[in-house]
Amino acid sequence: MSDPKSKEVPLMEKITSLCKRRGFIFQSSEIYGGIGGFWDYGPLGADLKRNLREAWWRTMTREREDVLGLDASIIMHPAIWKASGHVDTFADLMRECMLTNKRVRADHVEPQDGTVLHYEGAEAPNGWKMSRPFHALLRKGEHIESFRKRVRTLLRLNAGEAAGDVESIVLLGEAKSETLEATVDFHPETSGGLTDAKPFNLMLSTLVGPTATEENRAYLRPETAQAIFVQFKNVFDSSRVKIPFGICQIGKAFRNEVTPKNYTFRSREFEQMELEFFIAPDEAIRLVHGSVAVWSEGADLSTPQPNWGWQMWHRYWVDQRTKFYATIGLGPDVLDYYWQTSADLAHYARACVDILFKFPFGTEELEGIAARGNFDLTQHQVHSGKSLEVFDDELRTAAAALSDAEKEAFTDTVIKEWVADYTAKGKSEVEARTAAIPFCEKLLKGNYLPHVIEPSAGLDRLALAVLSLAYTEEEKTDVNGKKEQRTLMKIHPSIAPIKCGVFPLLKNRPELVNKAREVYALLKKHFNCFYDESAAIGRRYARQDEVGTPYGVTIDFETLGEKGPELADTVTVRERDSGAQERVKIADLPAYLLARLA
RNA sequence: GCGGGCAUAGCUUAGUGGUAAAGUUCCAGCCUUCCAAGCUGGCCAUGCGGGUUCGAUUCCCGCUGCCCGCUCCA
């Protein structure tokens, strides 16, 4: 802190600098000038990611009986992205407003009436200048002065601080031209002129096969989830599972982001860890169990119950995922939750909560947990023409036990509920009925399309969260009494890339070196270790602190028995965060450390 | 995609129209009985491409990348 400059360096820069210096993260293709939005993980980053990936996989599937794994291809049939809606939302022709660069779908421009005003550019007395000509629409009935003010405001919005005060912006070379009726060449909100329509596809694509023509266009998956939906039936039929169960997958996904930013937080190639947990529709639960457990504050989420509806399952997974984060060091103090409001929600989602992490650049999403109904399976069923319904014998039996009158009453209730739900969303009663009746018919025979709860996490974001949380600076005094800064990465031991450093106290004593080599050979069978004999012992500790190694083992003269037989074959174990030391017998070392690395 | 800023060694910085300096890291050797010690030696840089110039790291243009603000984030 004695150096005022060190305060000025933003935290994020310090973290990225350390990540490069020590081999966590490198810019992709760096020697060729880099490529925007892509990152490589160096040796330590690769191990950190591997540990995170394994922790997730272990928690989500190996330790559970009701979740199975999947590893699907990155490139899939293009129709999948049509069915999922990605082609439509990602690949539209877009036009851009000249004033604000706001994009709008080319086919979504409302006709407007007004007079076109052209400008050669704009400038401000502080030296800011925009030399690009632009035009905008003076709307019918709009006062010219309020129009000019509006244009200045929009320009300022786009230009940012550099343009200075809104009032000081000068519009250059104003010229009126034609008056238009029902024109679609102006942005509906800003009335700024629109650029020509350009395809704006957020999916990365490639051409599959030798001919490489447009009909061979295929996409790199923009999310891993769709593969799970598409293979749902295969997994279900081959794995002897029953609803409720889940399928999880870890893999790369690709998005042609407009603006990759915040280091690895938003990149164009990234790794997702997703679970699709399939559950019965609430109506089926009610049929079998008489009623559906509804969530209320303080409800017991520890053990899933047969009568849980989607709400309980959704809450359950939020709870499970929160517990997972705690095991890798991301406790409640660094996490936050955002429950999407009905306005935020995608039309097919019933609920969605974002688990947020307090990154140095702001509180941002780490994971989204959505209750998606049966939207995805419905889409794939419709588009593929293949049934994705499951048969539930328990449900069929329960339905068979009902009298005809009871069945009718059940159907009536469902219809009433669906009508209420549909009309609340602005849809017609007829629509509700035509959907509800066949649904009930099938349900009473034991068939339905499962609903889904989707916890979807970003591995790269998680790694970045771990790194930013771990970064710690401490002030310390060196042997000369000089104050200096100690940088350490307080990475949770369970995910630290290197678990233990092994050091001979001095390197010019063969007895120490040989013994240290022995200890290293012993430990590296159990976990990732690092052997280091160069430089003073303090420096070696510091090096390991900076990469988050939780333990260091030093072979000293006590180990050799020179300080008495009772200390022979014991070593010093140093803990990273506290610097505390403990003597441990070499024979006990693996167990001692393994217990602390869990 | 728009606007602004930045680009010199692994890192942090200095400097210059005439062959680029330092600290630190790193490597090697010596030394060293627990927290970046010391000594000696060593490696390593002007993002890329044009232009102006006898000569460009320096001035100009373009590109790329990074950062900030907007936009985007299904």
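All values below were derived from every heavy atom in this structure, side-chain atoms included, with hydrogens, water molecules and symmetry-related copies excluded. A note on names: the letters A, B, ... follow the listed sequences, proteins ahead of strands, and every chain is numbered from 1.
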With sequence neighbours left out, what residues match A:F361 under ring-ring contact (aromatic ring centres under 6.0 Å, His included)? A:F265, A:F359
For a quick test of your reading: what N or O donor-acceptor pairs under 3.5 Å do the side chains of residues 498-511 of chain A make, sequence neighbours left out?
unit_1, atom_1, unit_2, atom_2, d
A:K499, NZ, A:P493, O, 2.9
A:K499, NZ, A:S494, O, 3.1
A:K499, NZ, A:A496, O, 2.9

Considering only heavy atoms, which members of residues 550-558 of chain A lie under 4.0 Å from some atom of RNA chain B? A:T554, A:D556, A:F557
Between atom CG in A:L204 and atom P in B:C72, what is the gap in whole Å? 20 Å
Would A:R583 and A:D556 count as a salt bridge (Lys or Arg N to Asp or Glu O under 4.0 Å) if you check the C-alpha gap in whole Å, the side-chain angles of each, and the deciding distance to 0.1 Å? CA-CA 11 Å; A:R583 287 211 76 82; A:D556 50 27; 3.1 Å; yes
Is any side-chain N or O of A:S17 under 3.5 Å from a base N or O of B:C11, one able to act as donor and the other as acceptor? no
For A:E546, give me all partners under side-chain hydrogen bond (donor to acceptor under 3.5 Å, both in side chains), at least two apart in sequence or on another chain. A:R21, A:R22
Enumerate all atom pairs, one protein N or O and one N or O from nucleotides 60-66 of chain B, separated by less than 3.5 Å.
unit_1, atom_1, unit_2, atom_2, d
B:U64, O2', A:G33, O, 3.2
B:G65, OP1, A:G36, N, 3.2
B:G65, O4', A:G33, O, 3.1
B:G65, O3', A:Q27, NE2, 3.0
B:G65, O2', A:Q27, NE2, 2.5
B:C66, OP1, A:G37, N, 3.4

Excluding sequence neighbours, so at least two apart, what forms ring-ring contact (aromatic ring centres under 6.0 Å, His included) with A:F278? A:F232, A:F245
Taking only residues two or more places apart in sequence or in another chain, which ones pass side-chain hydrogen bond (donor to acceptor under 3.5 Å, both in side chains) with A:Q112? A:R139
Contacts of type side-chain hydrogen bond (donor to acceptor under 3.5 Å, both in side chains), residue A:E223, not counting sequence neighbours: A:Q226
Is there a side-chain polar atom (N or O) of A:K476 under 4.0 Å from OP1 or OP2 of B:C35? no
Rounded to whole Å, how long is the line connecting atom CZ of A:F134 with atom P of B:G3? 13 Å
Would you give a per-nucleotide map of nucleotides 21-31 of chain B, 5' to 3', where B means the base has a protein non-hydrogen atom under 4.0 Å away, S means only the sugar-phosphate does, and - means neither? ----SSS-S--
Cation over ring, A:R596 on A:Y592, under 6.0 Å and within 45°? yes
Nearest-angstrom distance from the residue atom CZ of A:F503 to P of B:C34: 15 Å
What residues form a side-chain hydrogen bond (donor to acceptor under 3.5 Å, both in side chains) with A:N374, not counting sequence neighbours? A:T378
What is the separation between atom NE2 on A:H187 and atom P on B:U71, rounded to the nearest whole Å? 11 Å
Using a 3.5 Å cut-off and no angle test, enumerate the donor-acceptor pairs between side-chain atoms of residues 23-40 of chain A and protein atoms at least two apart in sequence or in another chain.
unit_1, atom_1, unit_2, atom_2, d
A:E30, OE2, A:K20, NZ, 3.3
A:W39, NE1, A:Y263, O, 3.3

Atom-pair distance (CG on A:L567; P on B:U33), nearest Å: 18 Å
Can you sort out the partners of A:R266 under salt bridge (charged side-chain N to carboxylate O under 4.0 Å, His left out), two or more places apart, ordered by chain and number? none
From the candidates B:U33, B:C73, B:C35, the one with an atom nearest any side-chain atom of A:L505 is B:U33
